[in-house]
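Only one structure is covered here, and it is reproduced in the block below.
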There are 2 protein chains.
Amino acid sequence: MSLRYALLALLNVEPMTGYDLYKQFESSVGYVWHAPDSQIYPELRRMERDGLLQGEEVPWGTKGRKRQYHVTDAGREAFRTWVNTQLDYPRERDPIHLKAAYLEWAEPEAARQQLQAHIEHYGARLLQWQQKIEEIDGGTSDMLNRRLATVPDVDHQRVAAFKRFTYEGLTARAEQEIAWARRGLALVDSLYP
Amino acid sequence: MSLRYALLALLNVEPMTGYDLYKQFESSVGYVWHAPDSQIYPELRRMERDGLLQGEEVPWGTKGRKRQYHVTDAGREAFRTWVNTQLDYPRERDPIHLKAAYLEWAEPEAARQQLQAHIEHYGARLLQWQQKIEEIDGGTSDMLNRRLATVPDVDHQRVAAFKRFTYEGLTARAEQEIAWARRGLALVDSLYP
DNA sequence: CGTCTCATGTAAGGAGTTACATGATTTA
DNA sequence: TAAATCATGTAACTCCTTACATGAGACG
């Protein structure tokens, strides 16, 4: 259900086509929420059916057409309700930690490789998220700048602050995961001298 | 696909029925991986069909019957392969952080409540996970003790160490989430004086 | 003229949730 | 004997993944 609100969030800034949204999910917003095109296009149609979006056919080139969606009042209201509503926390279900509990079954070398991969995975994410923070601080974030253009100056600080807060949480998580995996590597070394 | 290996992990310790496994997922193991009965029973049948488990009808009371599953050689081999194989990391998809990025749309009070709920959610998890660590350290973990009974003494330390390592990662994550939400509360206070 | 990007889909299947359904056994 | 626990399912639905499919426009 979050996909719906991720789409509303992006379309609140400006009208876009499914493809525009798909690209956003591949890059910027995709570092917080990812969705493939095969999920985006049907969801946009459902959202229009439910009255949250209004689509408009616009010409593209001489023969081409594309469908641009903008958020309706009902859509803005639904989004506002979502941000104000407590969401349910899913039950725990983490493949990495599940496997970590049974690493005594693994070859030491395989255990090391997987912990190393964990470090690399979160290392790459960390760089991306840190870069987002730098963009926010430097005022070079395209998406944020477009969003800021639609709100009064007095609210700019607030809008930017929550974006920064989000990426701070993600970088802290990444750092924690890296630290944990490093402790895991040390543990493997100590158990298999 | 992880459900399959969570089930194998539990059945590696001793044969169990679907209901036994369901209870484990409701309590102990459930703090790392949860699954409802409606997912467990069909998966057990699929695993038997695939030769990873062997089920056996055992009488229960006078008229009742239950099906007890034990892991086959193929099942143990599949589990060993799983722990040795690098798993794919899913793309980022986190409803909490997605929403955090748009908290400027929320009422300050609603924002506070949701951050508070985040603290309470991870606070409760933290206690559960810390308790698991204490059980491991104190030798009072039922599941771990049964598992240790099946391996040579020299491996005991190793088996326990990885269980502890898992819960250390989860507690560190919980503490990080709590710290993040606390910063969020301070941020809301500073933005809406 | 070929390749990359833009643009929009369908189809099959896996994983998980929620709700519904049934009956035996044990225990207070 | 009523309630809790043990035991095992089905059915409908949502969400997501992977793969397949097609065609126009832009650029070099």
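Each chain gets a letter, A, B and so on, in the order the sequences are listed, and its residues count up from 1.
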Item to complete: Using a heavy-atom cut-off of under 4.0 Å over every strand shown, decide if B/T17 touches base, sugar-phosphate, or nothing.
Response: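 The residue B/T17 makes sugar-phosphate contact but no base contact.
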Item to complete: Assign B/R45 to base, sugar-phosphate, or nothing according to its heavy-atom contacts below 4.0 angstrom with the strands shown.
Response: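 Sugar-phosphate: the residue B/R45, judged by heavy atoms under 4.0 Å, touches backbone atoms but no base.
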Worksheet item: With the sugar-phosphate defined as primed atoms, P, OP1 and OP2, and the base as all remaining atoms, what B/S/- string results for nucleotides 20-28 of chain D, 5' to 3', for protein heavy atoms under 4.0 Å?
Response: ----BS---
Worksheet entry | Whichever of B/Y19 and A/A35 has its nearest DNA chain D nucleotide further upstream toward 5' |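 So the residue in question is B/Y19.
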Discussion item. Quick check: on DNA chain D, is the nucleotide nearest B/Y22 upstream (toward 5') of the one nearest A/R46, or the reverse? Name the residue that is more 5'.
Written reply: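 First, find each residue's nearest nucleotide; the 5'-ward one identifies B/Y22.
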Item to complete: Say whether B/H34 and B/E26, considering side chains only, have a donor N or O and an acceptor N or O under 3.5 Å apart.
Response: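 Checked: B/H34/B/E26 side chains pair up, N/O donor to acceptor below 3.5 Å.
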Discussion item. Check this one for me: any side-chain N or O of A/R93 less than 4.0 Å away from OP1 or OP2 of C/dG16?
Written reply: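 Looking at the OP1 and OP2 atoms of C/dG16, one of them is under 4.0 Å from a side-chain N or O of A/R93.
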Worksheet item: Counting only side-chain N and O atoms of B/Y41, is one of them less than 4.0 Å from OP1 or OP2 of D/dT8?
Response: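 Checking B/Y41 against D/dT8: at least one side-chain N or O falls below 4.0 Å of OP1 or OP2.
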Fill in: Among C/dT17, D/dA19, C/dT8, the nucleotide that comes nearest once only the side chain of A/K66 is considered
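Looking only at heavy atoms from C-beta outward on A/K66, the closest nucleotide is C/dT8.
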Taking [X] for its side chain and [Y] for its backbone only, find out whether a donor-acceptor pair lies under 3.5 Å.
X	Y	value
A/E48	A/G55	yes
B/W105	A/T81	no
B/D20	B/T17	yes

Interatomic distance where [atom1] belongs to [X] and [atom2] belongs to [N] [whole Å]:
X	N	atom1	atom2	answer
B/D20	D/dA7	CG	C1'	10 Å
A/Y69	C/dA7	OH	C1'	11 Å
B/E26	D/dA4	CD	C1'	15 Å

Worksheet item: Among A/K163, A/R158, A/R164, whose salt bridge (Lys or Arg N to Asp or Glu O under 4.0 Å) with B/E104 holds?
Response: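 Option passing the salt bridge (Lys or Arg N to Asp or Glu O under 4.0 Å) with B/E104: A/K163.
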Discussion item. Please determine whether side-chain contact (heavy atoms from CB on, under 4.5 Å) holds for the pair A/H118 and A/H121, giving the CA-CA distance in whole Å, both sets of side-chain angles, and the decisive distance to 0.1 Å.
Written reply: CA-CA 5 Å; A/H118 196 70; A/H121 173 80; 5.8 Å; no
